[in-house]
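Only one structure is covered here, and it is reproduced in the block below.
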Amino acid sequence: MPKSRIRKKADYTPPPAKQTTAIKLTNRAWVAPVMLALFLIGLAWIVVFYVTDGSLPIDKLGNWNIVVGFGFIAAGFGVSTQWK
């Protein structure tokens with residue numbers, strides 16, 4: 001019986017080395033304190049409004065004080081998108 005042909009395997013060539021790119025890390029230490037501060041200010045604004053029966057923080061705004069409080073909270077969520 002004839003002998004089958006032996007396939008010659010190609011030599012292993014490693015993939016080309018990837019060029020490293022410098023990662024620019026910016027200092028984002030301010031994000032967490034500002035985010036938490038905005039959350040707490042918004043929460044405090046709403047709590048003060050309810051505890052004082054609407055006479056504080058700003059009497060002329062009336063029920064719009066709730067919107068202001070939620071605005072602070074929403075701003076906190078907006079700042080949180082910068083957190084890395």
Side-chain angles (χ1 to χ4, degrees):
M1 177 159 244
K3 200 173 186 185
S4 63
R5 291 186 188 177
I6 299 175
R7 294 183 196 164
K8 185 176 180 182
K9 293 183 180 180
D11 292 335
Y12 173 74
T13 55
K18 294 181 181 178
Q19 294 181 355
T20 58
T21 58
I23 299 173
K24 184 179 179 183
L25 297 175
T26 58
N27 187 3
R28 305 253 177 157
W30 60 271
V31 173
V34 170
M35 175 184 65
L36 291 176
L38 288 171
F39 286 155
L40 292 175
I41 290 170
L43 179 65
W45 193 288
I46 294 170
V47 168
V48 166
F49 173 72
Y50 277 116
V51 169
T52 61
D53 291 328
S55 61
L56 288 177
I58 300 175
D59 189 28
K60 292 182 180 181
L61 288 179
N63 286 336
W64 283 98
N65 280 306
I66 298 170
V67 175
V68 172
F70 278 114
F72 278 112
I73 294 171
F77 279 113
V79 170
S80 71
T81 62
Q82 299 298 315
W83 195 5
K84 289 186 179 183

Q | Spacing of CG belonging to L43 relative to CG belonging to L38, to within rounding of 0.5 Å | A |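 CG of L38 is found 12.5 Å from CG of L43.
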
Q | Within one Ile-Leu-Val-Met-Phe-Trp-Tyr cluster: V51 and I46, side-chain cutoff 4.5 Å | A |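 Different clusters.
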
Q: Treating Ile, Leu, Val, Met, Phe, Trp and Tyr as nodes and any side-chain heavy-atom pair under 4.5 angstrom as an edge, say whether F77 and V34 lie in one connected cluster.
A: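 Yes; V34 is reachable from F77 via cluster members.
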
Q: Using the test ring-ring contact (aromatic ring centres under 6.0 Å, His included), find all partners of F49 that sit at least two apart in sequence or belong to another chain.
A: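 ring-ring contact (aromatic ring centres under 6.0 Å, His included) list for F49, sorted by chain: empty.
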
Q: Could you tell me which residues satisfy ring-ring contact (aromatic ring centres under 6.0 Å, His included) with Y50, sequence neighbours excluded, listed by chain and number?
A: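 If we apply the ring-ring contact (aromatic ring centres under 6.0 Å, His included) test to Y50, skipping adjacent residues, there are no hits.
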
Q.
Testing the basics here: between M35 and S80, what is the closest heavy-atom pair and its distance to 0.1 Å?
A.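 Looking at all heavy atoms of both residues, the closest pair is SD-CB, 3.1 Å.
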
Identify every side-chain donor-acceptor pair in residues 59-74 under 3.5 Å, counting partners at least two apart or on other chains, and give the distances.
{"residue": "N65", "atom": "OD1", "partner": "W45", "partner atom": "NE1", "Å": "3.2"}
{"residue": "N65", "atom": "ND2", "partner": "I58", "partner atom": "O", "Å": "2.9"}
{"residue": "N65", "atom": "ND2", "partner": "G62", "partner atom": "O", "Å": "3.0"}

